[in-house]
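On a predicted model such as this, the values are computed, not experimentally measured, just so you know.
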Amino acid sequence: MVLFVGVTLVVLLLAYFCNTGENVQLHMDSMGPRTISVDRDLQRKGPGGMTRQQALNLWICGGIYVILASLSACRIASGNDYWVYVDMFNLISQGRHVSSEFGFNALVRLMQYFFGTQGYSYLPIFGLFSLLTVYFFLRAIYEQGDWFLGALFLFLMNGYYFSSFNSVRYYLVLAIALYSSKYVLRGEYLKFILWILAASAFHKSVLVVIPLYLGANWLAGIRLKGWHYAAGALLAASLVFGRDMYRFVIFKIYPYYENSMFDTVDYSLSNIGKCLGTLVLSLLCYRRVIRDNRRNRFYFFLNLGGLALYTCGAFIPEVSRVAYYLILPQIFLIPNLLRGIENKIIRRLLTAGTALVFIAYFGLFLRSAYDVNVRLLPYLNWIFN
């Protein structure tokens, strides 16, 4: 636990000196005319079109990447499904049937071609997934987080990074989904769909973000009318009264979930609380921060969808596998909401209160990391253990 806390503190200390506001403008508005003028300004600031702050940002992000990727890539026997994946690698090497998607299987075979199938040959496979997962998460935060420190703080405090030691396929596609959301916001829908289709070769659950992200983006760009609210209420009601229909579809896609240990009704009170808290803060700051900002409206509707899933769709096996696609962008929305509060005293109080809440959540997360169903602690690595 000391190692996890120490790494978190070091990474956040580095992030304090990173200012990505201008960088976010470049990446999120790159299709608009404003980009051209910004690029010309940058070209006058240095041989590479890079300011001192932008160069510092890259060095800081590079250092953060090395720290986080190394911690993840060097682990061994960390995660409750670590040896499950090792068994899966062995089955793939033997040409036997596994339930994982073809892209994952092909990448494992490629790694086994170079590193063999004996001994500790599974370590490079875990290492590669760690490098890719951290890369897409960190790049998404770098390009989309107006307040880099705030977004990275929430990413770490929510346990997303440390949880990626488990379910390596899922967290890779979760990172890709977060990264590719920028293409939705920029109107580059073909790029977005291609990224998601590529990710689905590793975990097909990511396909749900195509209608969810496109739908949230559509809602973010229109003025809501009465029938929109009625349609939303009907959709939420369908989760309550039409659960048999949803379960039929889910078990057609994931038949092994039916009547399994995951086929339970599970209300995640912590995630419901996070969604409700974000919703309340959004409504308080709606006029100033959300109403005229399409990107924040996009995140707002995703959070609303996540709340609906956690409250009305708790019957879905491992509902967080879908809901995380919707609530992960909270790491961008919450800092934007806090920074948009005009009153300095209220802003500081709410920021401090929000930070304390998530620090407490992180403490509870670390305490649960010793549980046999999580098993992220004690941390072991192949260098010293």
Side-chain angles (χ1 to χ4, degrees), residues 4-21 23-24 27-28 57 60-73 129-168 170-182 209 270-271 273-275 277-278 281 295-296 299 302-303 306 320 323-339 351 354-366 368-369 376:
F4 281 12
V5 173
V7 166
T8 301
L9 291 175
V10 170
V11 166
L12 292 178
L13 179 62
L14 289 173
Y16 176 80
F17 299 98
C18 189
N19 182 357
T20 59
N23 178 74
V24 172
H27 284 94
M28 300 310 296
N57 291 345
I60 290 173
C61 287
I64 292 174
Y65 176 76
V66 170
I67 293 171
L68 295 182
S70 298
L71 186 68
S72 178
F129 275 91
S130 297
L131 296 176
L132 292 174
T133 301
V134 174
Y135 171 79
F136 282 111
F137 272 133
L138 191 59
R139 182 166 178 180
I141 295 172
Y142 178 74
E143 294 181 351
Q144 299 179 49
D146 291 285
W147 183 15
F148 182 80
L149 174 61
L152 188 62
F153 172 83
L154 292 176
F155 173 70
L156 293 171
M157 292 300 105
N158 278 284
Y160 295 125
Y161 163 69
F162 295 107
S163 294
S164 69
F165 293 7
N166 275 325
S167 304
V168 294
Y170 172 74
Y171 275 91
L172 173 60
V173 302
L174 181 64
I176 294 174
L178 185 68
Y179 165 77
S180 64
S181 64
K182 69 177 183 179
V209 306
S270 60
N271 285 311
K274 285 189 287 186
C275 291
T278 304
L281 186 60
R295 184 150 61 96
N296 288 337
Y299 300 143
L302 289 181
N303 178 73
S320 287
Y324 270 18
Y325 293 122
L326 298 174
I327 69 170
L328 179 56
Q330 288 175 353
I331 67 174
F332 302 136
L333 177 59
I334 294 175
N336 290 349
L337 293 170
L338 293 172
R339 296 183 77 190
T351 302
T354 302
L356 289 175
V357 168
F358 279 102
I359 289 173
Y361 179 85
F362 184 58
L364 293 174
F365 168 79
L366 289 179
S368 70
L376 294 176

Partner residues of Phe155 under the ring-ring contact (aromatic ring centres under 6.0 Å, His included) criterion, sequence neighbours left out
Phe137

Quick test of your reading: applying side chain to side chain donor-acceptor pair (under 3.5 Å), list the pairs with at least one residue in residues 155-166, sequence neighbours left out, ordered by first then second residue.
Asn80-Asn166, Asn158-Lys274

Which atoms form the tightest heavy-atom contact between Tyr170 and Ser320, and what is the distance?
OH-O, 3.4 Å

Mind telling me whether Phe332 and Tyr299 have parallel, tilted or perpendicular rings, with 30° and 60° as the class edges?
tilted

Distance from Thr8 atom OG1 to Leu13 atom CG, nearest 0.5 Å?
12.5 Å

Nearest 0.5 Å, what's the CG-CG distance between Leu337 and Asn296?
6.5 Å

Okay, side chain of Tyr65, backbone of Leu131: is any donor-acceptor separation there less than 3.5 Å?
yes

Can you tell me how far the OG atom of Ser70 sits from the CG atom of Leu68, to the nearest 0.5 Å?
9.0 Å

Could you report the tightest heavy-atom contact between Leu12 and Leu152, atom names first, then the distance?
CD2-C, 4.2 Å

As a quick check of understanding, evaluate side chain to side chain contact (heavy atoms under 4.5 Å, CB included) for Leu178 and Ile331, giving each step before the final call.
CA-CA 11 Å; Leu178 185 68; Ile331 67 174; 4.2 Å; yes

State, yes or no, whether a side-chain contact exists between Asn57 and Phe148 at a heavy-atom distance under 4.5 Å.
no

Non-hydrogen atoms of Leu376 and Phe4 that approach each other most closely:
O-CZ, 3.8 Å

Show the nearest heavy-atom pair for residues Leu149 and Ala15, with the distance to one decimal.
CD1-CB, 3.9 Å

Run Phe162 and Tyr171 through ring-ring contact (aromatic ring centres under 6.0 Å, His included) and show every step you take.
CA-CA 10 Å; Phe162 295 107; Tyr171 275 91; over 10 Å; no

The reported gap from SG in Cys18 to CD1 in Ile64 (rounded to nearest 0.5 angstrom) is 6.5 Å

As an exercise, state the distance from CE of Met157 to CG of Leu356, rounded to the nearest 0.5 Å.
11.5 Å

Is it true that a side-chain atom of Thr133 and a backbone atom of Phe129 form a donor plus acceptor pair closer than 3.5 Å?
yes

Taking every non-hydrogen atom, the tightest pair across Ala151 and Ile141
CB-CG2, 3.9 Å

When you measure from the side chain of Ser180 to the backbone of Ala177, do you find a donor-acceptor pair of N or O atoms at a distance under 3.5 Å?
yes

Write down the atom of Arg295, the atom of Asp146, and the distance for their closest heavy-atom approach.
NH2-OD2, 2.8 Å

Counting N and O atoms only, with roles assigned by atom type, does the side chain of Gln330 sit under 3.5 Å from a partner on the main chain of Leu154, one being a donor and the other an acceptor?
no

Strictly distance-based, threshold 3.5 Å: is any side-chain N or O of Asn303 a donor or acceptor partner for the main-chain N or O of Cys275?
yes

Is the closest side-chain heavy-atom distance between Ile67 and Leu14 below 4.5 Å?
yes

Keeping the roles fixed (side chain from Ser72, backbone from Ala69), state whether a donor-acceptor pair exists under 3.5 Å.
no

At what distance, to the nearest 0.5 angstrom, does CG of Leu132 lie from CG of Leu172?
6.0 Å

Of all residues at least two apart in sequence or in a different chain, which pass the ring-ring contact (aromatic ring centres under 6.0 Å, His included) check with Phe153?
none

Verdict with reasoning, Val173 to Tyr325, per side chain to side chain contact (heavy atoms under 4.5 Å, CB included):
CA-CA 10 Å; Val173 302; Tyr325 293 122; 3.4 Å; yes

Leu328/Leu302 under side chain to side chain contact (heavy atoms under 4.5 Å, CB included): CA gap, chis, key distance, verdict:
CA-CA 9 Å; Leu328 179 56; Leu302 289 181; over 6 Å; no

So, do Ile327 and Tyr324 sit near enough that their side-chain heavy atoms are less than 4.5 Å apart?
yes

